[in-house]
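I'd like to ask you about the structure that follows.
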Amino acid sequence: MIEMEDRNKLIQRRIEKLEQFKSQGMKIFRNDFLPDSFANDLHSEYDGLELEKLLDLDKTVSIAGRVMAYRSFGKAGFMKVKDFTGQIQVYAEKNSLSYEDFKLYKKLDVGDIIGVEGSLFKTKTGELTIKAKKIVLLTKSIRPLPEKWHGLQDKELRYRQRYVDLIVNDEVKETMVKRSKIINAVRDFMVNNRFVEVETPMMHKLVGGATAKPFVTHHNALDIDLYLRIAPELYLKRLVVGGLERVFEINRNFRNEGMDLKHNPEFTMMEFYVAYKNYRFLLDYTEEMFDYIFESLGNKERKLQFGENEIDFSRPWKRLDFFEGLKTIGGLDDDVINRDKAFNLALELGKSVNKNMSIEKILAELFDALVEPKLINPTFVIGYPVAISPLARRNDENPDITERFELFISGMEVANGFSELNDPFDQKERFLKQLEERKMGDEEASMYDADYIRALEYGLPPTAGEGIGIDRLVMLFTNHDSIRDVILFPLMKDKDDE
RNA sequence: GGGUCGUUAGCUCAGUCGGUAGAGCAGUAGCCUUUUAAGCUAUUGGCCGCAGGUUCGAUUCCUGCACGACCCA
């Protein structure tokens with residue numbers, strides 16, 4: 001401990017200041033200062049007033065926040081104080097403060113959290129400023145903040161110590177506020193359409209509802225292994241069986257997979273189910289939902305700048321058949337279904353395919369490599385094969401494909417939905433097929449869920465369901481190409497750190 | 001999992017064709033009552049990511065490891 005203090009003189013200096021305050025009888029870490037105003041509210045209320053009118057008002061206000069800038073010259077000086085709404089300037093001069101308060105002011109550091117009471121005025125340059133009559137130290141910050149101009153650049157530190165990132169990089173807070181607004185808009189839209197928000201288990205006894213490897217945990221009292229859910233799908237559809245004919249859930253899913261720009265092991269999904277509708281309804285409904293989000297964010301253009309692309313969300317969005325896409329965009333020949341040919345091409349593209357894989361799964365790999373990156377403007381891909389859609393209803397005209405779609409924007413899968421498979425006999429067969437694939441070594445195949453089959457046997461009404469990746473949605477609306485920039489605390493490996 | 005690059009002061013970054021390091025900001029001391037990255041003067045601060053190897057000598061070259069960024073699977 002002492003060694004560490006020796007090592008960092010800056011922290012040591014600040015601790016000494018704190019000790020000094022304490023020995024002078026000053027209250028430390030006090031919580032009895034109650035501000036009556038917020039920084040940005042003062043700006044919106046008084047920025048428009050002339051200096052003279054401000055002085056006539058003689059308005060006394062109190063604010064609290066963190067010292068973000070400190071400019072002192074002898075017997076006076078300025079500080080920028082930041083609260084959750086924004087910043088406001090404070091002017092401190094010797095003649096307007098008590099001896100003790102001025103002494104305190106001279107000892108303040110950038111990063112300290114203070115309370116200020118004073119009157120409003122404007123400086124020479126017209127900036128609204130509080131002339132301090134009283135300054136109170138609320139919390140002493142003993143660690144120095146990053147540099148005022150460049151802020152915190154190191155991405156690793158920004159993710160690991162998000163609290164520091166938030167203090168110095170305003171953009172982070174803006175992104176997270178926008179994230180909150182987007183989620184609120186989505187929730188609003190669902191509730192307005194008479195959906196009920198529910199919460200289903202995060203800990204599952206069986207893996208299902210998606211194609212992914214799960215995290216495993218253990219319940220001690222029951223002595224059973226449990227899986228963190230990879231999707232809520234099978235529970236939500238049980239609810240539709242039970243008569244909750246419009247349900248949705250906004251919550252975390254967990255997938256035990258690699259991490260990259262677009263994947264974090266825990267991520268947020270909005271999943272919803274609506275009875276007596278089919279996938280065609282979902283296409284329109286999704287477009288409407290985006291409209292609603294744009295509306296809530298005050299975006300009238302229905303366009304987003306994302307990296308180098310300007311994405312146009314004008315309706316209707318493009319519909320693209322899976323097999324057509326492979327041919328027209330992926331450049332494959334008409335005999336695309338030729339298994340050996342597809343397999344070799346996938347190998348050439350460096351995809352990790354193996355001989356046990358179904359042709360459909362290989363085609364999905366090819367689609368992923370050749371088509372998806374080219375889908376910039378919102379595109380619904382429809383007509384996915386049955387073999388890679390174990391929970392989707394078959395198409396009436398062509399039983400090899402499903403009434404399923406995925407939504408791609410800027411090459412990212414943003415949503416996945418379909419008419420739900422409600423035939424318990426077909427579902428049973430598909431589960432068995434998944435079991436086979438699992439036995440062949442596919443760790444992503446789902447498990448046989450007998451209770452879900454039982455639920456279907458009671459009768460699931462014709463239903464449409466969809467999942468929307470919230471993190472990716474936020475990425476689009478905030479122009480971030482890394483999922484880590486829209487998640488407050490992305491998963492990071494441990495690092496030796498005293 | 002593979003490849004490329006990175007890791008130097010609290011922060012942002014230089015640098016050393018191998019001889020144990022430098023700037024700006026922050027800090028400290030001083031001057032300064034309207035500043036806006038305030039200014040001026042002086043000044044403190046470093047296991048140069050970790051572990052090996054080569055060498056008289058490594059922060060620098062080599063190998064391995066850790067963590068991260070980006071690209072690919």
Side-chain angles (χ1 to χ4, degrees), chain A residues 3-17 20 51 54-55 67-82 87-97 102 105-112 118-132 141-161 164-165 167-169 213 256-263 307 345-354 362 365-366 368-370 372-373 411 480-485 490-498:
Chain A
E3 253 178 71
M4 188 202 125
E5 287 171 1
D6 271 353
R7 220 180 295 158
N8 196 323
K9 296 269 180 6
L10 297 178
I11 292 179
Q12 189 52 33
R13 281 298 305 175
R14 289 178 172 218
I15 291 174
E16 279 163 20
K17 280 187 188 171
Q20 208 182 324
L51 172 59
L54 265 182
L55 295 179
V67 177
M68 296 305 291
Y70 183 88
R71 292 185 281 275
S72 173
F73 21 84
K75 299 185 188 67
F78 290 94
M79 290 181 283
K80 284 271 161 71
V81 177
K82 178 163 143 180
Q87 293 197 3
I88 189 154
Q89 183 162 260
V90 170
Y91 177 62
E93 61 175 20
K94 199 171 184 188
N95 296 342
S96 308
L97 286 164
F102 189 70
Y105 157 73
K106 295 296 280 184
K107 289 272 180 216
L108 287 177
D109 290 302
V110 169
D112 287 347
S119 53
L120 291 173
F121 78 108
K122 277 188 172 178
T123 61
K124 277 179 185 169
T125 54
E127 178 168 351
L128 186 71
T129 302
I130 300 172
K131 181 186 275 185
S141 171
I142 60 171
R143 285 181 184 268
L145 287 179
E147 203 219 357
K148 60 188 171 191
W149 189 241
H150 298 93
L152 188 63
Q153 298 290 328
D154 187 312
K155 282 199 174 180
E156 183 171 357
L157 275 179
R158 292 185 53 201
Y159 298 145
R160 284 186 196 279
Q161 300 182 37
V164 180
D165 194 21
I167 292 171
V168 297
N169 294 329
K213 287 180 211 166
N256 205 340
E257 292 163 352
M259 295 150 64
D260 60 35
L261 279 187
K262 299 193 166 37
H263 296 85
L345 181 57
L347 273 186
E348 266 174 49
L349 290 167
K351 290 278 174 184
S352 57
V353 288
N354 62 62
I362 294 168
E365 294 285 341
L366 291 180
D368 178 77
L370 300 172
E372 289 174 18
H480 283 107
D481 68 346
S482 170
I483 194 167
R484 288 191 168 91
D485 289 326
L491 185 67
M492 301 289 276
K493 274 199 205 177
D494 261 349
K495 202 176 176 181
D496 294 338
D497 195 9
E498 342 203 358

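Every chain is numbered from 1 and lettered A, B, ... according to where its sequence line falls, protein lines coming before strand lines.
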Query raised in the report: Taking for each residue the nucleotide of RNA chain B with the nearest heavy atom, is it A/Leu152 or A/Lys351 whose nucleotide lies nearer the 5' end?
Result: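 With A/Leu152 and A/Lys351 compared, the 5'-side residue is A/Leu152.
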
task = For A/Arg158, report the nucleic acid contact type (base, sugar-phosphate, nothing); a contact means any heavy atom under 4.0 Å.
result =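 Answer is nothing: A/Arg158 stays at 4.0 Å or more from every strand.
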
Does the Lys NZ or Arg CZ of A/Lys131 fall within the cation-pi geometry relative to A/Tyr91 - under 6.0 Å from the ring centre and within 45° of the axis?
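Not satisfied by the 6.0 Å and 45° rule.
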
Practice prompt. For A/Val110 and for A/Gln153, locate the closest nucleotide of RNA chain B by heavy-atom distance; then report the residue assigned to the nucleotide nearer the 5' terminus.
Written response: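 The 5'-side residue here is A/Gln153.
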
The single option from A/Lys155, A/Arg158, A/Met259 passing side chain to side chain contact (heavy atoms under 4.5 Å, CB included) against A/Arg484 |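 Filter result, single survivor: A/Met259.
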
Less than 4.0 angstrom from a charged side-chain N to a carboxylate O is my criterion; do A/Asp481 and A/Lys262 meet it?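 A/Lys262 and A/Asp481: not salt-bridged.
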
Pairwise P distance for B/A23 and B/C70, with rounding to whole Å: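 Result for the P pair: 33 Å, nearest Å.
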
- Query: Looking only at atom C1', what distance separates B/C61 and B/U16, rounded to whole Å?
  - Reply: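 Per the computed distance, 13 Å lies between those C1' atoms.
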
- With respect to the side chain of A/Met492, which nucleotide from B/G68, B/C11, B/G10 is positioned closest?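 Comparing B/G68, B/C11, B/G10 against the side chain of A/Met492, the answer is B/G68.
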
**OP:** Determine the Euclidean distance between corresponding C1' atoms of B/G45 and B/U28; express it in Å to zero decimal places.
**Re:**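 Looking at atom C1' only, B/U28 and B/G45 are 10 Å apart.
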
What is the nucleic acid contact for A/Leu157, judged by heavy atoms within less than 4.0 Å: base, sugar-phosphate only, or nothing?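 It contacts sugar-phosphate atoms only.
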
Q.
Under 4.0 Å, heavy atoms only, any strand: does A/Leu10 hit a base, just the sugar-phosphate, or nothing?
A.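 Counting heavy atoms under 4.0 Å across all strands, the contact made by A/Leu10 includes a base.
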
B/S/- along nucleotides 28-37 of chain B (protein heavy atoms under 4.0 Å) is S---BBBBBB

### Task
Runs of at least three consecutive Watson-Crick or G-U pairs, both distances under 3.5 Å, are what I'm after; which ones involve RNA chain B?
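The stems are B:1-7 with B:66-72, B:10-13 with B:22-25, B:27-31 with B:39-43, B:49-53 with B:61-65.
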
Could you work out the separation of B/A21 and B/C31 based on their P atoms and round it to a whole Å?
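So the two P atoms sit 35 Å from each other.
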
| said: For a quick check of understanding: with a heavy-atom distance under 4.0 Å over all strands, which category does A/Gly151 fall into, base, sugar-phosphate or nothing? | reply: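 Sugar-phosphate only.
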
**Any side-chain heavy-atom pair of A/Leu347 and A/Val353 under 4.5 Å** =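 The answer is yes, as the side chains (C-beta and beyond) meet within the 4.5 Å cut-off.
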
Residue A/Lys493, side-chain heavy atoms: nucleotide from B/G10, B/U12, B/G68 that is nearest: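 Looking only at side-chain atoms, A/Lys493 lies closest to B/G68.
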
Check: Is the side chain of A/Lys351 donor-acceptor paired with the backbone N or O of A/Asp368 at a distance under 3.5 Å, no angle test?
Finding: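 Here the side-chain-to-backbone pair does not exist.
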
A/Lys107/A/Glu16 salt bridge by N-O under 4.0 Å criterion
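Salt bridge between A/Glu16 and A/Lys107, a charged N being under 4.0 Å from a carboxylate O: no.
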
